[in-house]
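Below, all heavy atoms of this structure are taken into account, side chains as well, without hydrogens, waters or symmetry copies. All residue numbers in this chain count up from 1 along the given sequence. All values reported here derive from a predicted model rather than from experimental measurement.
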Amino acid sequence: MKKLLFTLAALGAVAAQAKDKEYKVEIPLEKGEAWWGGLSVDGHKMPYLEETNYTRDLLGNNYGNQAQPLLVSNTGRYVWCEEPMKYEYKSGKLVVSSQFSEIKWGDAGDTLKDAYEYSSKNFFPTDGKIPDELLFTEPQYNTWIELMYDQNEEDILEYAQKLIDQGYPPGVLMIDDNWQENYGVWEFSAKRFKDPKGMIEKLHKMGFKVMMWVCPFVTADSATYRYLAQEDLLLRDPGKTQNILWANTSNKPAIVRWWNGASACLDLSNPKAMDWFKDQLDHLVEEYGVDGFKFDAGDARFYKKGVVSKNHTHANDHTIYFSELGLHYPLNEYRASWKLAGRPLAQRLRDKKHNWGDMQQLIPGIIAQGLMGYAFTCPDMIGGGEYQSFLKTDSIDEELVVRSAQCSALMPMMQFSAAPWRVLSPENAKICKDMAKLHSKLGQDILAMAKKSAKTGEPIVKSLEYLFPEGDYEKIQDQFILGDKIMVAPVLAQGARSREVVFPRGTWKGDDGSTVVGPTKVTINVPLERLPWYEKVQDSTSVASK
């Protein structure tokens, strides 16, 4: 029956262009069918089921995180569009439409893995490369929570030195927003950095590689702004004549509101603007020894609705242009992305608040990233990236920070920001350090998984449903498989000191020395200091797996 429905629907899908130049398909959902994809920020709402009522429109909005015009199901079906699409699950149907491009959909097999592998191979094949190896092999450290908008040489060096003194393995150090003279003026602030080149040399000697935060915005009262405007390298006001110089006032730059105020924005559809931005970044590499960049604020919403630019089709294009900059620098990080899956770009989940609900979104978010083609993934900063939560130490939930570190430790990347020795008791700070060391211990294994993913296109973090389709595991969101053999089952509930773990087929050896033969479910004890993880040591045959 499934094949018949697919064949009948596919006949109509070939010519699925509706009136008013809209492309549209309606796909009846199968009983028990589960879908993933579209937006990583919606990972915790997945899978979408037959009874789901939900709508998202990807045109001009990546919802603060990675977006991809791809949907895949555990019955082997896929949906793809080369351009932004709208998708709606309603009344037992999946309705997909686009203003710009035909909707491609079909049946690639019988499982989620079948659907994903077909999509990866045909729509976003991997180029075989990975981001900088250090992103995988050691923990990352970001200065945001400790310094916020007061990024300065003295405190950055102190933060790095304390990491070493506390026994943390050196890795990538990210210097966050407000190290620069101004937005668009990518020079170290002379007031806060006396010897930036010497600072980076010291960080290198400690064992760190150094990333700098950058964005596409330009402060509108700088000489840089006036130069870029005169050269027509900024996004324009809507409705203005494009062939008149800004100096004649008919083509003035647009001012875009974002979380740091109101600024002009580079027109990255203009190759000259891309070249100018790359020149600024290359200068930081060549002059100061910077190793790479955290690319922030590439969200499509900043470019949409009347803000026009050369060679510009829709707002999502700008997010692609911004991401393409990162391909020049193996040490990179992105939070906002559109397409470009299968490329060597590090993708971080969007900022999470310092609460248990947001922490519980980490695993489904990472799984969703992988099923959208973004394999080189990082959760948000440990404990959450919203800095207001860390302004007063008496408002910090120490248990949450510890469980967050455990949840992140065996993901492809992990990132600290709030200093554990400042915000936690010595006992809890030690647990966080142990998690950093665990990631470092398995770093070469994680790196090998990343290299394999670059060859195959498969996710590094996988759901149980992806690897064990016979088990009806589609709704499990609090466990994941790292690579193919390491299953991680962190505690994500406040106050919990036990949890149920689902073991798929196989023999699993635990961090506590236990051995479990699956498929089965076991309730385990999980004191605060424990991260439960199990390595599959052999396959096993059981009635449930036949």
> So, for Y78 and F123, is the gap between ring centers shorter than 6.0 Å?
Replying inline: yes
>> Is it true that S440 and E138 share a donor-acceptor pair across their side chains at a distance under 3.5 Å?
In response: yes
>> Taking the ring centre of each residue, are F416 and Y168 less than 6.0 Å apart?
In response: yes
> Would you find more than 12 non-hydrogen atoms of other residues, nucleotides or ligands less than 6.0 Å from N525 atom CG?
Replying inline: no
> Mind checking what makes side-chain hydrogen bond (donor to acceptor under 3.5 Å, both in side chains) contact with K452, not counting sequence neighbours?
Replying inline: D484
> Got a sec, which residues hit side-chain hydrogen bond (donor to acceptor under 3.5 Å, both in side chains) with E50, two or more places apart in sequence or on another chain?
Replying inline: none
> Measuring from E458:CD to T126:OG1, what's the distance to the nearest 0.5 Å?
Replying inline: 11.5 Å
> Does R530 have any side-chain hydrogen bond (donor to acceptor under 3.5 Å, both in side chains) partners at least two apart in sequence or in another chain, and if so, which?
Replying inline: D511, D512, Y534
> Can T523 and E500 be counted as having a side-chain donor-acceptor contact under 3.5 angstrom?
Replying inline: no
>> Just by distance, no angles: are the side chains of W356 and D397 close enough, under 3.5 Å, to form a donor-acceptor pair?
In response: yes
> Under 6.0 Å between the ring centres of Y329 and F293?
Replying inline: yes
> Above 12 or not: heavy atoms from other molecules or residues under 6.0 Å from NZ of K86?
Replying inline: no
